[in-house]
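FYI, the numbering just counts along the sequence from 1.
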Amino acid sequence: MMEGFTRVEIKTSGARIVTVHGGKGPPLLLMHGNPFTHLSWHKFAPRLAQEFTVVATDLRGYGDSEKPPGGDDHSGYSFRAMAQDQVEVMAALGFSRFMAAGHDRGARVLHRMCLDHPERVMKLCLLDMLPTYHVWTNTTREWALGAWHWAFLAQPEPFAQTMINAVGPEWFLTSRGGNPPQRPKIVMDEFIRSFTPKTVSGACRDYRAGATINFEMDAADKDKQITTPLLVLWGTRGAPPTDEYPTVWRKFARNLVTIEPLATGHYIQEEMPEQCLDRFFRFFVA
């Protein structure tokens, strides 16, 4: 699935991070979303490796990366801690500056990285993500129904873990909705394999941090714009595109190069890989 890539485990100051890397050219870091792994980029990474040195990781708490404790304040799974992991991974591979793209939780980590380490990221692409502060302060009935897992996974331990582990990873991952039909069975099988009870706990810790310490950090920085050149792509989910994404991101980003809707669901890079790759090459190569 990731032919031509080398798999290593890199120990950061906070966690052991599973990393695959391959290709030649400028460094490009790819970061996945919940509840998956670096294989979210299985259609992307080999193509991008023709032009870039591609690095894809499992976030702390996910896949085969380490699942450290969250701590009483949940700081162990703050996006700040997750971003620090990625900065250290790239440094270990010899890259002090790099380009980056993230989907879902990975995009949130990169938003925080560009606030905390603006000198590190040369260009940034965010897939189907609105800033965490905006999401929590602009909830609607429709959002709550579609994003029910935000509040569910954030409940005090071990409520969500107990319920998910009772039904098992295959049922939970295949019954929650939204899985793209374009995803190969071999990839879905790997997602199911890696969604162990420890990973379930890691995902819950991530979402508890999202509802607490991440919100507090983002509230403190709500008027601080990221300055990194930014490409934003989002899925319209079968509806006409609205002006929500452009309006919101212009408040949070000073250098918004392109923001574009695509006729997909949440998993843009799997549902429309060719169109998404075209936007990546145009943005990152330019």
Side-chain angles (χ1 to χ4, degrees), residues 10-19 29-38 57-92 98 100-121 124 126-139 147 149-161 198-226 228 252-253:
I10 296 176
K11 181 64 177 176
T12 72
S13 58
R16 174 184 48 79
I17 302 298
V18 167
T19 304
L29 172 64
L30 303 177
M31 295 171 59
H32 68 87
N34 171 77
F36 303 124
T37 74
H38 68 272
T57 61
D58 291 351
L59 295 172
R60 71 161 64 188
Y62 292 91
D64 291 326
S65 285
E66 191 174 358
K67 287 86 175 169
D72 292 341
D73 64 351
H74 310 298
S75 61
Y77 284 79
S78 68
F79 293 141
R80 174 164 289 159
M82 289 184 169
Q84 185 65 37
D85 285 338
Q86 305 302 313
V87 167
E88 292 181 28
V89 163
M90 295 303 282
F98 47 88
H103 172 249
D104 188 81
R105 306 307 279 185
R108 298 185 188 285
V109 174
L110 285 171
H111 184 204
R112 172 47 59 185
M113 185 188 292
C114 287
L115 290 169
D116 290 356
H117 306 280
E119 75 286 355
R120 298 282 188 175
V121 185
L124 174 66
L126 302 177
L127 298 180
D128 212 57
M129 189 279 279
L130 289 167
T132 303
Y133 177 81
H134 171 83
V135 172
W136 280 122
T137 55
N138 290 271
T139 57
H149 61 287
W150 277 51
F152 172 63
L153 298 177
Q155 295 304 306
E157 196 167 349
F159 180 75
Q161 294 100 304
K198 289 184 177 180
T199 304
V200 173
S201 292
C204 290
R205 290 167 185 163
D206 173 18
Y207 277 81
R208 285 189 203 105
T212 55
I213 192 167
N214 283 331
F215 178 77
E216 293 163 9
M217 290 178 181
D218 288 354
D221 289 334
K222 65 182 176 63
D223 297 321
K224 186 176 179 181
Q225 292 180 308
I226 61 172
T228 310
F252 287 86

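- A cation-pi arrangement is found for Arg105 relative to Tyr207, the charged atom lying closer than 6.0 Å to the ring centre and inside a 45° cone about the ring normal.
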- Might you work through the side-chain contact (heavy atoms from CB on, under 4.5 Å) test for Val87 and Asp116, ending with a clear yes or no? CA-CA 11 Å; Val87 167; Asp116 290 356; over 6 Å; no
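- Between atom CZ of residue Arg80 and atom CE of residue Met113 there is a gap of 12.5 Å, rounded to the nearest 0.5 Å.
- Looking only at side-chain heavy atoms (C-beta outward), Leu130 and Asn138 stay at 4.5 Å or farther from each other.
- Tyr77 is not listed as a side-chain neighbour of Arg208, based on a closest heavy-atom distance of 4.5 Å or more.
- Counting only distance, with no hydrogens or angles, the side chain of His32 and the backbone of Asp58 share no donor-acceptor pair below 3.5 Å.
- Closest of all the heavy-atom pairs between Ala160 and Cys204 is CB-SG, 3.8 Å.
- With respect to the salt-bridge test (charged N to carboxylate O, under 4.0 angstrom), the residues Asp206 and Arg60 do not qualify.
- Residues Lys67 and Thr199 have side chains in contact (heavy-atom distance under 4.5 Å, counting atoms from C-beta outward).
- Between Ala211 and Ala154, the shortest heavy-atom distance links the atoms CB-CB, 4.1 Å.
- Contact check for Met31 versus Met82: no side-chain heavy atoms found under the 4.5 Å cut-off.
- With Trp150 contributing its side chain and Gly210 its backbone, the two residues share no donor-acceptor pair below 3.5 Å.
- Taking NE2 of His134 as the reference point, atom OG1 of Thr139 lies at 10.0 Å (rounded to 0.5 Å).
- Between the CD1 atom in Ile226 and the CG atom in Leu124 there is a gap of 5.5 Å [rounded to 0.5 Å].
- Under the rule for a salt bridge (Lys or Arg N to Asp or Glu O under 4.0 Å), Glu88 has no partner lying at least two apart in sequence or in another chain.
- Without hydrogens or angle criteria, Ser65 side chain to Val18 main chain gives a donor-acceptor distance under 3.5 Å.
- To the nearest 0.5 Å, atom CD1 of residue Ile17 and atom NZ of residue Lys11 are 8.5 Å apart.
- Between Phe252 and His111 the shortest side-chain heavy-atom distance falls below 4.5 Å.
- Taking Arg120 as the reference, nothing meets the salt bridge (Lys or Arg N to Asp or Glu O under 4.0 Å) condition, with sequence neighbours excluded.
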* In sequence, state the C-alpha distance, the side-chain angles, and the governing distance for Arg112 and Asp218, and then conclude on side-chain contact (heavy atoms from CB on, under 4.5 Å). => CA-CA 8 Å; Arg112 172 47 59 185; Asp218 288 354; 2.8 Å; yes
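- Taking a 6.0 Å sphere around NZ of Lys198, one finds it holds 12 or fewer heavy atoms contributed by other residues, nucleotides or ligands.
- Looking at Thr57 and Gln86, their side chains do bring a donor and an acceptor atom within 3.5 Å of each other.
- Between the side chain of Asn214 and the backbone N or O of Ser78, no donor-acceptor pair lies under 3.5 Å.
- Smallest separation of non-hydrogen atoms from Lys224 and Leu115: NZ-O, 3.5 Å.
- Put simply, CG on Leu153 and CD on Gln161 are 8.5 Å apart, with the number rounded to the nearest 0.5 Å.
- A distance-only check finds a donor-acceptor pair linking the side chain of Asp104 to the backbone of Asn34 [under 3.5 Å].
- By the 4.5 Å heavy-atom criterion applied to side chains, Asp64 and Thr37 are not counted as neighbours.
- In terms of the salt bridge (Lys or Arg N to Asp or Glu O under 4.0 Å) criterion, Arg108 has no residue partners (sequence neighbours excluded).
- Here the closest heavy-atom approach between residue Ala15 and residue Asp85 is recorded as N-OD1, 4.0 Å.
- To the nearest 0.5 Å, atom CG of residue Leu59 and atom CD of residue Glu66 are 14.0 Å apart.
- In this structure the side chain of Asp73 never reaches within 4.5 angstrom of the side chain of Thr212, judged on heavy atoms.
- No side-chain donor-acceptor contact under 3.5 Å links Tyr133 to the backbone of Met217.
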